[in-house]
Amino acid sequence: MATLVQCLSSCATLNPKFKSLSLNGASSSLSTRRGVCSSSLSFSQSVSQCVAFSSGNMWVEKNKPARQSIVCEAAPTKKADSAAKRARQAEKRRVYNKSKKSEARTRMKKVLEALDGLKKKADAVPDEIVTVEKLIGEAYSAIDKAVKVRALHKNTGARRKSRLARRKKAVEIHHGWYVPAAAAEAVTMAA
């Protein structure tokens, strides 16, 4: 009876991931998923009963005169679903990518607003474009970071950077701070 109590305490402390535990022979060791528990158990020839405990049933039965077996069934647990893990990973990536794209859009919007304000300003001076160039640098950086982590496609990033550069040049041309090379050649040939 003492060995039955030892077995009960061993089975009750098993990891709940185990579905069953079988012990055969007069002196066996418990084997587990994580390693081997070296507790040896021995049973008398006359043991044959079922004992209930909190996480399942333990059967002690007599198969043959020289051989006994014990089956300890714990409550089965479900293995982690790989589809659920993929869903968690996809959600993490979605949130991360969303923040990168949002930052790039916000920086672009600030540049475009500054350029529109500068274009509408009648008495603008060429030094005011320096503040806009700093904003353009920040926008380029945000776009490049989004492309680097593949939140944006590289062609999309290039297109957005080109859009900012064209708008800046349009403002410079509007105020006369920049003269395109083709127009400059036409002016010199006419003169």
Side-chain angles (χ1 to χ4, degrees), residues 13-21 30-37 54-56 72-191:
T13 60
L14 280 178
N15 191 333
K17 293 181 182 174
F18 302 124
K19 291 187 178 177
S20 66
L21 169 74
L30 300 172
S31 63
T32 65
R33 276 190 185 181
R34 294 187 179 154
V36 176
C37 178
S54 64
S55 62
C72 180
E73 295 179 1
T77 59
K78 188 177 178 186
K79 189 177 176 184
D81 191 13
S82 60
K85 182 177 180 180
R86 275 290 175 198
R88 289 192 305 270
Q89 290 173 338
E91 180 63 17
K92 270 184 174 176
R93 283 193 303 271
R94 185 189 70 80
V95 170
Y96 182 73
N97 291 341
K98 184 179 177 183
S99 70
K100 290 292 184 186
K101 287 190 274 190
S102 175
E103 182 183 358
R105 276 194 306 264
T106 303
R107 302 279 183 183
M108 282 184 62
K109 207 177 286 186
K110 286 182 180 181
V111 170
L112 295 175
E113 288 172 0
L115 286 172
D116 287 341
L118 190 59
K119 189 172 186 176
K120 290 177 183 177
K121 195 172 183 181
D123 58 341
V125 292
D127 294 338
E128 292 181 35
I129 200 74
V130 174
T131 57
V132 174
E133 285 175 349
K134 287 182 182 177
L135 291 175
I136 288 175
E138 292 173 1
Y140 279 12
S141 177
I143 291 169
D144 288 338
K145 286 178 184 177
V147 169
K148 183 180 177 183
V149 297
R150 297 183 181 172
L152 289 177
H153 191 274
K154 62 181 182 176
N155 293 353
T156 303
R159 186 178 66 246
R160 290 183 181 183
K161 286 165 48 173
S162 172
R163 181 180 298 160
L164 294 176
R166 283 183 290 144
R167 289 281 185 93
K168 177 186 165 226
K169 189 172 282 190
V171 170
E172 289 175 335
I173 291 171
H174 175 76
H175 287 292
W177 302 329
Y178 175 79
V179 178
E185 287 177 16
V187 170
T188 57
M189 288 184 164

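What's counted below: heavy atoms across the whole structure, side chains too, no hydrogens, waters or symmetry copies.
For the pair L135 and K110, the tightest heavy-atom approach, listed with the atom from each and the gap, is CD1-O, 4.2 Å. The minimum heavy-atom distance between M108 and A139, with the atom names listed, is N-CB, 4.3 Å. What you find for A104 and A142 is that their closest heavy atoms are CA-CB, 3.9 Å.
Remark: E128 CD to E133 CD distance equals 12.5 Å, nearest 0.5 Å. To the nearest 0.5 angstrom, R166 atom CZ is 12.0 Å from I173 atom CD1. Atom CG in D127 sits 9.0 Å away from atom CH2 in W177 (nearest 0.5 Å). A distance of 10.0 Å separates CD of Q89 from OG of S82, quoted to the nearest 0.5 Å.
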Give the intermediate values and the outcome of side-chain contact (heavy atoms from CB on, under 4.5 Å) for residues R105 and K109. CA-CA 6 Å; R105 276 194 306 264; K109 207 177 286 186; 5.6 Å; no

Evaluate the criterion side-chain contact (heavy atoms from CB on, under 4.5 Å) for residue pair V111 and E138; output intermediate values, then yes/no. CA-CA 9 Å; V111 170; E138 292 173 1; over 6 Å; no

List the steps and the verdict of side-chain contact (heavy atoms from CB on, under 4.5 Å) for L164 and L112. CA-CA 7 Å; L164 294 176; L112 295 175; 3.9 Å; yes

Check step by step if side-chain contact (heavy atoms from CB on, under 4.5 Å) holds for E103 and K145. CA-CA 10 Å; E103 182 183 358; K145 286 178 184 177; 5.6 Å; no

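Of the options I143, I136, V147, T156, a side-chain contact (heavy atoms from CB on, under 4.5 Å) to K161 is made by I143 and by none of the others. For the side-chain contact (heavy atoms from CB on, under 4.5 Å) with Y96, the lone residue among K92, R93, K100 that qualifies is K100.
The residues R94 and E91 are annotated as salt-bridged, a charged nitrogen and a carboxylate oxygen being separated by less than 4.0 angstrom. Between E172 and K168 there is a salt bridge, since at least one side-chain N of the basic residue sits less than 4.0 Å from a carboxylate O of the acidic one.
Side-chain atoms of H153 come within 3.5 Å of backbone atoms of N155 as a donor-acceptor pair (strictly under, hydrogens ignored). Side-chain atoms of H175 come within 3.5 Å of backbone N or O of L118 as a donor-acceptor pair.
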